[in-house]
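Here the structure comes first, spelled out in structure tokens, and everything after it is commentary.
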Amino acid sequence: MSKLQALTMAARFSAHIAWEALARPRPHDLSAIPPTLNAITREWLGAALCAGHAEARVDSFDMSRGSQGTTSRAALKIHYNAAGRAAGLPEQLFVKMTPKLTSRLVCGLSGALASECGFHQHVRIGLKLEAPRAFFNAWDARSCRSAILFEDIATTRGCEFLNTEALITRAQAEDMVGVLASL
């Protein structure tokens, strides 16, 4: 990518973020991706999670345990109507988004968003490895807006996320190598 292409993309992402700050869009269907964690609506979640279950609806949701880094992330607890609960739709989720310019530049210019969404749509489903399931993922190449709804494995599987300074056992290291080899 040339410098001019990178600058053009950065300017485009900046214009989208400025528009989002003024318009404060809150999508209610999958025609748009919420620009921020606070713009997520129960209707949008219902469209993303209840597809194929005509009577299922998201009644409400709670958001907690958020963090900021390369992306913005938060845990979601989804409350469905009776049809959604009967369908066994996922209730403990983790959402990952790119609301900030720095997120969009890092993840968009590097191709990470396209790769990650492509992985979850086309590759992950065919692999038998220990990794969270993505129930929905989308990204928009023009704005670099993105949203991925994962299984919240900290809640559903009791997983603990380590930092780069955490000590691990040999067995844990061997398990990690095994997962990477499967991939």
Side-chain angles (χ1 to χ4, degrees), residues 16-17 19-20 23-100 103-104 107-108 111-161 179 182-183:
H16 278 278
I17 288 173
W19 177 84
E20 293 160 7
R24 298 189 184 273
R26 292 179 52 84
H28 295 279
D29 60 37
L30 299 182
S31 65
I33 300 167
T36 66
L37 293 169
N38 292 331
I40 295 173
T41 63
R42 67 182 179 83
E43 295 86 1
W44 182 84
L45 284 169
L49 298 169
C50 298
H53 304 279
E55 302 300 317
R57 302 282 180 271
V58 171
D59 285 337
S60 64
F61 67 97
D62 302 309
M63 188 179 302
S64 63
R65 285 196 349 254
S67 66
Q68 304 290 320
T70 307
T71 58
S72 294
R73 301 163 295 275
L76 299 175
K77 168 70 173 149
I78 310 296
H79 306 281
Y80 295 99
N81 65 358
R85 290 189 304 275
L89 296 176
E91 296 179 0
Q92 301 291 335
L93 299 175
F94 197 74
V95 61
K96 180 176 168 183
M97 303 178 79
T98 50
K100 297 180 179 182
S103 298
R104 295 184 192 188
C107 297
L113 281 178
S115 296
E116 184 170 12
C117 287
F119 171 80
H120 289 291
Q121 287 173 336
H122 306 292
V123 178
R124 169 64 181 101
I125 56 176
L127 296 176
K128 292 184 179 175
L129 57 89
E130 188 176 6
R133 177 178 173 206
F135 294 101
F136 174 84
N137 74 89
W139 74 285
D140 175 64
R142 300 257 334 131
S143 65
C144 229
R145 196 186 294 177
S146 69
I148 303 174
L149 297 171
F150 293 102
E151 169 190 9
D152 182 1
I153 59 174
T155 302
T156 62
R157 301 187 205 182
C159 292
E160 179 183 352
F161 291 90
V179 169
S182 295
L183 179 60

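Since the structure is predicted, the reported quantities are computational estimates derived from the model, not experimental observations.
Between R124 and E151, none of the side-chain N atoms (NZ, or NE/NH1/NH2) sits under 4.0 Å from a carboxylate O, so this pair counts as no salt bridge.
Not counting sequence neighbours, R142 has no partner by the salt bridge (charged side-chain N to carboxylate O under 4.0 Å, His left out) test. Contacts of F135 classified as ring pair (Phe, Tyr, Trp, His ring centres under 6.0 Å), with partners at least two apart in sequence or in another chain: none. Among residues two or more places apart in sequence or in another chain, the ring pair (Phe, Tyr, Trp, His ring centres under 6.0 Å) test is passed with H120 by F150. Applying the ring pair (Phe, Tyr, Trp, His ring centres under 6.0 Å) criterion to W44, with sequence neighbours excluded, gives F136.
Atom CZ of R157 sits in a crowded spot, with more than 12 heavy atoms from other residues, nucleotides or ligands closer than 6.0 Å.
Of the possible polar contacts, one joining the S115 side chain to the G111 backbone as a donor-acceptor pair under 3.5 Å is found. Side-chain atoms of S103 come within 3.5 Å of backbone atoms of T70 as a donor-acceptor pair (strictly under, hydrogens ignored). At distances below 3.5 Å, not a single donor-acceptor pair connects side-chain atoms of R73 with backbone N or O atoms of F94. For the pair S72 (side chain) and Q68 (backbone), a donor-acceptor distance under 3.5 Å is absent. A distance-only check finds no donor-acceptor pair linking the side chain of Y80 to the backbone of G46 [under 3.5 Å].
Among all heavy-atom pairs drawn from S146 and T98, the shortest one is OG-OG1, 2.9 Å. For the residue pair A48 and L149, the shortest heavy atom distance occurs at CB-CD1, 3.9 Å.
The closest side-chain heavy-atom distance from V95 to L76 is below 4.5 Å.
Between the side chains of S31 and D29, at least one donor-acceptor pair of N or O atoms lies under 3.5 Å.
Sorted by first and then second residue, the side chain to side chain donor-acceptor pair (under 3.5 Å) pairs with a member in residues 52-62 read D62-H79; sequence neighbours excluded. Screening residues 77-87 for salt bridge (Lys or Arg N to Asp or Glu O under 4.0 Å), with sequence neighbours left out, gives K77-E91.
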